[in-house]
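Next up is a structure, given as structure tokens.
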There are 2 protein chains.
Amino acid sequence: MQLNRIIANIFRKYLKPFGITDSQLSILFVLAKKSDLNQKKLSELVVLEKSSLNRNLSRLENANLISKNDFPYINITDNGRDLVLRITPEWKKAMVESEKLLQNDGKIALEVIMNNIKQ
Amino acid sequence: MQLNRIIANIFRKYLKPFGITDSQLSILFVLAKKSDLNQKKLSELVVLEKSSLNRNLSRLENANLISKNDFPYINITDNGRDLVLRITPEWKKAMVESEKLLQNDGKIALEVIMNNIKQ
DNA sequence: TGAAATAAGTTGTATATACAACTTTATGCT
DNA sequence: AGCATAAAGTTGTATATACAACTTATTTCA
């Protein structure tokens, strides 16, 4: 559980300059790939309770990163796509830093999965 | 990051009947091993910001699981040791469930993110 | 087609966390 | 010893989350 907090702190550090949280970035990543998802589907994809998702969507809408205009479907805005592009390098840095930590704690199952995906 | 939430939810589910959070359990685990730690040391061991630790200690003290009597050192109470013994089986269940999820769903969730990065 | 039932979306509330500011305690130095 | 400085501990504040209750939208079926 400590690892959860450590990794969360790492991501927070890298994402703070963009005024966005890791949950919100996850949402943008998904929306960048798929359009016309409703909140139910989105909440399953990003594994956020529906009320938490709903509030994150409000924040993202206020920041003009997503649009609720075509209810009930949620779509990313051009602004949102632009942010995803700009933020990805920082996100990668957070990943690298997290992976280093995970490797140090070799007993953690997470590491196995991360390595698998890295191929 | 989704994995963080999934795992946190699993632990919350198993620990809820005991009225304790995963952070608080981490603290008890450490205190069961080592005595006479001050808050500074403890916060490093459990990787909790000092104010978060401080508030968790207040909660644990209210529940009579730890004692602040020999300031500045924190010690677990007999009550606390007893809880650790009773809670450990449930904690293990949470670990098993977490590991299963990591193997089944974690990979898929991470692939979604990795695909977004490739673009 | 329209009412009942179900699902999706939103809001209310409590809790946990981090950062920053503040207070208290400990340390160092003359 | 006593003052200044640093460290540890506490409190103030904002944010994110989950669960529960509530509202709105959709589906089902007679």
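Since the model is a prediction, treat every value here as computed from it, not as a measurement. Chain A is the first sequence line, chain B the second, and so forth, proteins listed ahead of strands; every chain is numbered from 1. When reading the values below, keep in mind they use all heavy atoms of this one structure, side chains included, and skip hydrogens, waters and symmetry mates.
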Apply side chain to side chain contact (heavy atoms under 4.5 Å, CB included) to the pair A/Lys13 and A/Glu97, showing each step before the final yes or no.
CA-CA 11 Å; A/Lys13 179 180 67 182; A/Glu97 192 170 332; 3.0 Å; yes
Closest approach of B/Asp22 and B/Phe11, non-hydrogen atoms and distance?
CB-CB, 4.4 Å
In whole angstroms, how far is the P atom of C/dA16 from the CZ atom of B/Phe11?
17 Å
Output the rounded distance in Å from CD1 (A/Ile7) to C1' (C/dT17).
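Rounding to the nearest Å, CD1 of A/Ile7 and C1' of C/dT17 are 16 Å apart.
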Take atom CG of B/Asn62 and atom P of C/dA16, then tell me their distance rounded to the nearest Å.
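The distance from CG of B/Asn62 to P of C/dA16 comes to 12 Å, rounded to the nearest Å.
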Hey, does the side chain of A/Arg5 reach the backbone of B/Val47 with a donor-acceptor pair shorter than 3.5 angstrom?
yes
From the set C/dT17, D/dA18, D/dG9, return the single nucleotide nearest to any side-chain atom of B/Phe71.
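From the listed options, D/dG9 comes nearest.
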Protein-nucleotide distance (B/Asn9, atom CG; C/dA16, atom P), rounded to Å:
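So the CG-P distance, B/Asn9 to C/dA16, works out to 14 Å.
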Within residues 39-49 of chain B, which residues have any heavy atom lying less than 4.0 Å from an atom of DNA chain D?
B/Gln39, B/Lys40
If only side-chain N and O atoms of A/Asn56 are considered, is one of them under 4.0 Å from the OP1 or OP2 phosphate oxygen of D/dA16?
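For D/dA16, neither OP1 nor OP2 has a side-chain N or O of A/Asn56 closer than 4.0 Å.
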Return yes if some donor-acceptor pair links the side-chain N/O of B/Arg81 with the main-chain N/O of B/Ala32 below 3.5 Å, else return no.
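Confirmed, B/Arg81 side chain pairs with B/Ala32 backbone.
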Min side-chain heavy-atom separation A/Leu31-A/Leu42 under 4.5 Å:
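With C-beta onward as the side chain, the pair touches.
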Got a second to check how far B/Ile10's CD1 is from B/Lys93's NZ, nearest 0.5 Å?
14.0 Å
Grab the CD1-P distance between B/Ile66 and D/dG9 for me, whole Å please.
12 Å
First locate atom CG of A/Leu45, then atom NZ of A/Lys33, and finally report the distance between them rounded to the nearest 0.5 Å.
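Going from the CG atom of A/Leu45 to the NZ atom of A/Lys33 covers 13.0 Å.
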Could you check how far CZ of B/Arg12 sits from P of D/dA16, rounded to whole Å?
16 Å
Is any side-chain heavy atom of A/Asn75 closer than 4.5 Å to a side-chain heavy atom of A/Asp36?
yes
To the nearest angstrom, the OH-P distance between A/Tyr73 and D/dA25 comes to 14 Å
Return all side-chain donor-acceptor pairs below 3.5 angstrom for residues 57-66 of chain A, not counting sequence neighbours, or 'none' if the list is empty.
from    : atom 1 : to      : atom 2 : distance (Å)
A/Ser58 : OG     : A/Asn54 : O      : 3.2
A/Arg59 : NH1    : A/Asn56 : OD1    : 2.8
A/Asn62 : ND2    : A/Ser58 : O      : 3.4

Nearest of C/dT17, D/dG9, C/dG9 to any side-chain atom of A/Asn38?
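My answer, after comparing the listed nucleotides, is C/dG9.
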Once you round it to whole Å, what is the distance between C1' of C/dC19 and CZ of A/Arg5?
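Taking atom C1' of C/dC19 as the reference, CZ of A/Arg5 is at 16 Å.
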Of A/Leu57 and B/Lys50, the one whose closest nucleotide on DNA chain C sits nearer the 5' end is A/Leu57
When you compare the protein's N or O atoms with those of nucleotides 12-15 of chain D, which come within less than 3.5 Å of each other, and at what distance?
from   : atom 1 : to      : atom 2 : distance (Å)
D/dG12 : N7     : B/Arg55 : NH2    : 2.7
D/dG12 : O6     : B/Arg55 : NH1    : 2.8
D/dT13 : O4     : B/Arg55 : NH1    : 3.4

At less than 4.0 Å, is any side-chain N or O atom of A/Ser52 found next to OP1 or OP2 of D/dA16? Yes or no.
no
